[in-house]
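See below for the structure under consideration.
Counting convention: from 1, in listed order, for ligands and their atoms alike.
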Amino acid sequence: MSETPDAVTIACRFCAANNRVPIARALEDLAKVRCGSCSSGLLRVNGEPLTDITDEALSHPWDHEALDKLKSIPMADTIINKLLGSTLDKLQRFDLMANGVCLGPKQVPRVWKLYLEAAGRVDVDPPPLFLVQDPRMNAFTMGAGLPQVGVTTALVETLDDRSLLGVLGHELTHVRLGHVTYRTLVWLLMIGAIKLLDLFDLARLVIKPIQIALFRWYQMSELSADRGELVTTGSLETFVKTHMLLAGGTSKIIDELDVAAFVDQANEAERLRDSDLLLWAMELFRNNSRTHPLAVWRVHHGLKWARTPAFFEVLAGKTQGILGRAPHRTSNETTAP
Ligand SMILES: [Zn+2]
Ligand SMILES: [Zn+2]
């Protein structure tokens with residue numbers, strides 16, 4: 001049972017007039033939500049930097065919950081920090097430097113410009129961005145102390161600028177929220193690089209409870225980064241389209257893919273979900289190379305958040321806020337699956 005209201009009241013940041021905004025209609029095109037008094041756009045969806053955005057607004061409660069569980073395991077932090085020393089940072093930076101293209105104002109400036117826009121939207125200093133040759137659509141953020149973001153050639157080829165902007169905002173939200181270290185460890189476990197760490201005689205320290213808690217948190221951290229993705233583009237359609245393409249898209253069939261049908265699929269998958277199934281799927285993904293799995297689950301939760309006043313509060317600006325009820329959580333969101 002949802003507690004989400006049908007409408008929010010937004011005070012215009014230009015003339016301070018209060019506007020009652022029906023949520024469902026606003027979500028059709030957030031750029032068209034205008035002040036009834038001065039006609040200015042009420043929501044900041046045209047690329048302007050959001051310097052007042054907070055970690056609290058972006059973090060999904062299940063992300064905190066899973067991280068708390070991980071941190072409550074005795075010695076977890078010590079073991080993880082031992083696994084991820086500065087040597088690993090240097091190794092990763094060298095790997096990307098040696099095998100990818102470092103983007104910048106003169107190197108693929110179109111993508112670089114999108115990257116800077118995304119960084120402004122989630123208010124984070126952009127770390128180095130690399131383009132790597134890979135036939136799979138993917139984006140990733142790595143590093144123990146020094147974050148670095150990567151996108152694959154297939155991703156840049158397949159996504160349009162709006163979707164690419166959203167994916168970059170997603171990765172930069174991982175950076176902003178300090179997800180990078182733990183995500184790097186998950187990635188190392190996934191690709192079997194812990195064998196490499198045998199060299200440091202540390203593999204034996206990776207105990208099962210930490211692995212399970214890490215993989216669980218990894219999934220939950222996606223829900224937070226997806227919030228950043230939604231905020232970056234301010235478009236629900238772009239969000240769904242991006243995740244549909246990541247789940248099963250190629251540039252050849254892009255015009256035949258249907259956003260509404262994918263939303264129905266996401267809601268249907270949510271009905272099928274139960275905790276055991278999700279945990280099983282999470283366990284399974286360790287054995288393949290998907291770094292952003294469970295697309296439909298994430299679409300469902302991303303859209304659910306976009307229907308709450310919390311999303312509108314981020315886009316409307318913090319100072320004038322949303323007036324009236326603002327339940328940031330819905331009743332079935334208090335316990336993670
Ligand atoms: Zn106004
Ligand atoms: Zn992610």
Side-chain angles (χ1 to χ4, degrees), residues 8-21 26 31-45 58-60 62-63 66-67 115 118-119 121-122 124 127 129 136-143 147-152 155 159 163-187 190 214-233 239 242-243 245-247 282 285-286 288-299 301-302 305 312 315-317 319-323:
V8 287
T9 304
I10 302 174
C12 174
R13 64 206 151 106
F14 300 102
C15 76
N18 287 336
N19 293 265
R20 187 179 179 279
V21 177
K32 287 187 180 158
V33 180
R34 301 202 158 268
C35 173
S37 180
C38 73
S39 300
S40 303
L42 287 174
L43 302 170
R44 302 173 295 176
V45 289
L58 295 173
S59 293
H60 194 286
W62 293 349
D63 175 357
L67 193 59
Y115 189 55
R121 293 295 281 178
V122 295
V124 69
L129 174 66
R136 294 164 300 183
M137 280 195 278
N138 200 6
F140 52 88
T141 304
M142 284 194 276
Q148 44 216 329
V149 177
V151 288
T152 64
L155 188 89
L159 298 187
S163 285
L164 193 53
L165 176 72
V167 169
L168 294 168
H170 176 106
E171 294 306 324
L172 288 165
T173 306
H174 283 312
V175 175
R176 162 153 189 156
L177 296 178
H179 289 168
V180 180
T181 303
Y182 287 159
R183 291 183 66 82
T184 301
L185 184 55
V186 173
W187 173 76
M190 279 191 329
L214 251 180
F215 279 99
R216 187 181 183 84
W217 167 79
Y218 185 89
Q219 292 297 321
M220 301 310 163
S221 74
E222 292 300 352
L223 299 179
S224 299
D226 287 344
R227 288 182 173 189
E229 184 176 334
L230 274 162
V231 166
T232 301
T233 64
F239 177 74
T242 304
H243 288 271
L245 285 167
L246 287 167
M282 285 159 66
F285 95 88
R286 294 169 50 189
N288 64 40
S289 57
R290 287 179 198 166
T291 53
H292 288 104
L294 301 178
V296 290
W297 178 69
R298 290 167 50 200
V299 163
H301 286 285
W305 181 65
F312 285 84
L315 294 180
T319 46
Q320 78 284 3
I322 299 285
L323 308 172

Run through the protein N/O/S atoms less than 2.8 Å from the Zn ion (ligand 1) and write them out by chain and number. Cys12 SG, Cys15 SG, Cys35 SG, Cys38 SG

Does Thr152 use its side chain to pair, donor to acceptor, with the backbone of Asn138 at less than 3.5 Å? yes

What do you reckon, are the aromatic ring centroids of His301 and Trp297 less than 6.0 Å apart? yes

Test side chain to side chain donor-acceptor pair (under 3.5 Å) applied to Thr233 - qualifying residues, sequence neighbours left out: none

Would the distance check show the side chain of Arg44 and the main-chain N or O of Leu315 forming a donor-acceptor pair, the cut-off being under 3.5 Å? yes

Could you check which N/O/S atom of Glu222 is closest to the Zn ion (ligand 2)? OE1

For Thr242, the option from Val167, Val299, Leu165 that meets side-chain contact (heavy atoms from CB on, under 4.5 Å): Val167

Would you check if the side chain of Ser221 reaches a backbone N or O of Asp63 as a donor-acceptor pair within less than 3.5 Å? no

Look only at the side chain of Arg227 and the backbone of Ser59, and say whether a donor-acceptor pair between them is shorter than 3.5 Å. yes

At the Zn ion (ligand 2), what is the angle formed between atom NE2 of His174 and atom NE2 of His170, rounded to the nearest 10°? 100°

